[in-house]
Amino acid sequence: MTDISLTKDSACKAIDAASASLFGISTKMHAEVELAFEEVKAQAWQCAVLREAGFKVEEGLGSLKTAFRATVASGKPGPRIAFLCEYDGLPVYGQSCGHNVVAAAGVGAAIGLAKVIKEIGGTALALGTPGEEGGGGKNILHREGFFEGIDAMMLVYPGMDNIAHSRTVGATRVQIAYFGKAAHAAARPELGINALDALLLAFNGISALRQQLPSDVRVHSIITKGGTLPQVVPDHTTAVLTVRANNAATLKQVIPRIDACLTGAAQMTGARLERTWRDTPGRELLSNAALAQSFDRNLRELGLVTRPRDELSGAWSGDTGNVSWFVPTIQPQMAMTGRDVPPHSHEFHAASIGPAAEACILDSAKAMAMTAIDLACDGALLRKVKEEFAAARV
Ligand SMILES: [Zn+2]
């Protein structure tokens with residue numbers, strides 16, 4: 001074995017030795033799901049394991065009381081490498097995004113890197129980033145300066161395949177409200193203005209628009225208030241709509257076309273529209289190809305089969321997207337589920353626990369720690385990562 005493979009081996013052994021604690025974090029988070037920014041137990045479980053492993057732990061960062069940062073510094077020069085943990089679940093659908101696996105893998109990778117950090121130099125960080133599902137916790141942490149000084153960062157997402165250079169898409173959201181006029185729906189309908197019709201016409205307009213949209217655009221929505229009583233012409237309806245596209249430029253083109261459907265429906269019905277588009281759309285992930293290549297090599301060293309990313313298949317978005325434009329990042333997808341299990345489903349929640357999830361946690365933690373070791377030991381790789389990042393941001 002070469003020096004670097006001995007170092008990687010000792011990081012992997014530390015992760016194996018911590019497996020009971022890592023599975024404990026994941027299992028408890030699966031059994032007791034906490035929603036965005038309320039993840040007090042998940043924070044405590046992760047911080048306890050990190051403290052036990054010798055990390056200096058800060059619980060609560062800036063305005064986010066369920067964020068955390070755990071640090072082991074070597075005292076020698078070298079990159080500061082962060083592993084991101086996410087730990088909120090979804091209402092009704094639980095850990096259907098697998099954040100319990102994301103968290104345990106991040107903690108495990110940090111423990112693996114910390115084990116060898118004195119030998120290789122630099123700093124190992126675990127950064128707890130709450131409120132991923134619609135909360136944009138990472139955007140808040142970024143605004144408050146918690147991504148400053150990090151040289152590279154990574155997190156994994158469980159899915160169907162091992163894809164190092166994975167992608168996520170850009171997204172934005174609009175809160176919609178129509179205001180009409182109530183009237184007896186049978187006795188005096190001619191005096192009413194129907195806010196539900198406005199909403200349905202807007203949705204139908206968007207459905208017609210879909211055939212003219214680029215193939216990567218996804219528009220999806222729910223009605224959060226459809227009226228109060230069937231015998232009253234609905235005078236107030238609300239909805240939430242998300243628009244996603246591969247990149248910010250497409251998103252920018254599509255937003256006015258969606259907005260025209262919303263205003264058009266108001267004009268058709270006489271209802272008044274109030275809508276609030278999210279200030280800053282979430283950007284697509286800037287996945288660092290050099291870092292992803294190292295991750296891919298390490299996956300294959302672990303004996304895993306890897307796949308290239310598929311530009312045509314659907315993709316999710318996340319709050320790592322925006323921050324990936326400020327720090328070199330990868331967010332690989334790691335194999336955990338069968339091909340018939342969609343994220344954000346009851347089936348995915350069920351798949352986020354058990355032997356496949358545990359294998360995913362260990363494989364992910366090891367591959368991330370090994371990639372961090374490559375980065376700390378290979379100055380040329382670190383330079384390549386930084387150069388690629390600087391060129392992509394222009
Ligand atoms: Zn999700």
Side-chain angles (χ1 to χ4, degrees), residues 6-34 39-59 66 68-72 81-89 94-95 97-119 124-130 154-158 162 298-299 301-304 332 334-337 348-373:
L6 283 171
T7 307
K8 288 181 179 178
D9 196 49
S10 96
C12 290
K13 285 202 171 102
I15 292 165
D16 281 328
S19 58
S21 305
L22 302 176
F23 300 161
I25 290 171
S26 168
T27 306
K28 285 184 276 191
M29 278 176 59
H30 194 269
E32 290 190 62
V33 173
E34 296 170 298
E39 317 95 326
V40 284
K41 290 180 185 167
Q43 176 194 37
W45 294 325
Q46 293 169 90
C47 290
V49 170
L50 287 159
R51 211 172 271 121
E52 174 82 25
F55 282 76
K56 177 181 146 261
V57 179
E58 299 157 81
E59 286 188 71
T66 55
F68 68 85
R69 178 166 55 191
T71 311
V72 170
I81 302 170
F83 304 100
L84 306 187
C85 302
E86 295 175 358
Y87 31 97
D88 57 328
Q95 291 298 0
C97 220
H99 290 183
N100 57 318
V101 173
V102 177
V107 170
I111 289 173
L113 180 61
K115 176 75 182 170
V116 299
I117 201 82
K118 286 214 158 56
E119 193 184 313
L125 294 162
L127 193 60
T129 65
M154 41 191 127
L155 73 161
V156 294
Y157 252 79
N162 298 313
N298 287 312
L299 285 177
E301 249 173 64
L302 290 169
L304 300 171
M334 290 292 292
M336 184 180 80
T337 71
F348 200 101
H349 172 81
S352 297
I353 196 84
E358 292 182 352
C360 183
I361 290 168
L362 293 185
D363 290 338
S364 303
K366 288 176 186 175
M368 284 196 282
M370 290 162 84
T371 304
I373 292 167

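Note that the coordinates shown come from a computational prediction; the quantities given were computed from them, not determined experimentally.
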> Within the side chain of T66, is there an N or O that forms a donor-acceptor pair under 3.5 Å with the backbone of V40?
Replying inline: no

> Could you give all pairs that pass the salt bridge (Lys or Arg N to Asp or Glu O under 4.0 Å) test and reach residues 12-22, with sequence neighbours left out?
Replying inline: D9-K13, D16-K366

>> If we ignore hydrogens and angles and just use 3.5 Å, is the side chain of H30 paired with the main-chain N or O of I25 as donor and acceptor?
In response: no

>> Show me the pairs that pass salt bridge (Lys or Arg N to Asp or Glu O under 4.0 Å) and involve residues 349-361, at least two apart or across chains.
In response: none

> Got a sec, which residues hit side-chain hydrogen bond (donor to acceptor under 3.5 Å, both in side chains) with N162, two or more places apart in sequence or on another chain?
Replying inline: none

>> For a quick test of reading the model, state the closest non-hydrogen atom pair linking A351 to M336 and the distance between them.
In response: O-CE, 3.6 Å

>> E58: which residues meet the side-chain hydrogen bond (donor to acceptor under 3.5 Å, both in side chains) condition with it, sequence neighbours left out?
In response: R69

>> Could you check whether any side-chain N or O of Q43 sits under 3.5 Å from a backbone N or O of F68, counting only pairs where one atom can act as donor and the other as acceptor?
In response: no

> Looking at side-chain heavy atoms only, is the closest gap between N298 and I373 below 4.5 Å?
Replying inline: no

> Between atom CD of Q46 and atom CE of M29, what is the distance when rounded to the nearest 0.5 Å?
Replying inline: 6.0 Å

> Nearest 0.5 Å, what's the NZ-NZ distance between K28 and K41?
Replying inline: 11.0 Å

> What do the steps show when you test V57 against E59 for side-chain contact (heavy atoms from CB on, under 4.5 Å), and what is the final call?
Replying inline: CA-CA 6 Å; V57 179; E59 286 188 71; 4.0 Å; yes

> Going from OG1 on T129 to CG on L84, what distance comes out if it is rounded to the nearest 0.5 angstrom?
Replying inline: 5.5 Å

>> Could you measure the distance from the CH2 atom of W45 to the OG1 atom of T27? Nearest 0.5 Å is fine.
In response: 10.0 Å

> Which heavy atom of F348 sits nearest a heavy atom of C97, and at what distance?
Replying inline: CE2-C, 3.8 Å

What side-chain donor-acceptor pairs closer than 3.5 Å can you find for residues 98-117, not counting sequence neighbours?
from : atom 1 : to   : atom 2 : distance (Å)
H99  : ND1    : D88  : O      : 2.8
H99  : ND1    : D88  : OD1    : 3.0
H99  : NE2    : E86  : OE1    : 3.4
H99  : NE2    : Y157 : OH     : 2.8
N100 : ND2    : S26  : O      : 3.4
N100 : ND2    : S26  : OG     : 3.1
N100 : ND2    : S352 : O      : 2.9

> Which heavy atom in G54 sits nearest to a heavy atom in V72, and how many Å separate them?
Replying inline: O-CG2, 3.7 Å

>> Test side-chain contact (heavy atoms from CB on, under 4.5 Å) on L127 and F83; report intermediate values, then the result.
In response: CA-CA 6 Å; L127 193 60; F83 304 100; over 6 Å; no

>> Closer than 3.5 angstrom, by distance alone: can the side chain of E52 be matched with the main-chain N or O of A48 as a donor-acceptor pair?
In response: no

> What distance do C12 atom SG and L302 atom CG have between them, rounded to the nearest 0.5 Å?
Replying inline: 5.5 Å

>> Could you tell me if the side chain of D363 sits less than 4.5 Å from the side chain of M334, heavy atoms only?
In response: yes

> How close do L155 and M368 get, heavy atom to heavy atom, and via which atoms?
Replying inline: CA-SD, 3.8 Å

>> Run the side-chain hydrogen bond (donor to acceptor under 3.5 Å, both in side chains) test against Q95 and tell me which residues pass, sequence neighbours left out.
In response: none

> Between L362 and S19, what is the shortest heavy-atom contact and its length?
Replying inline: CD2-CB, 3.8 Å

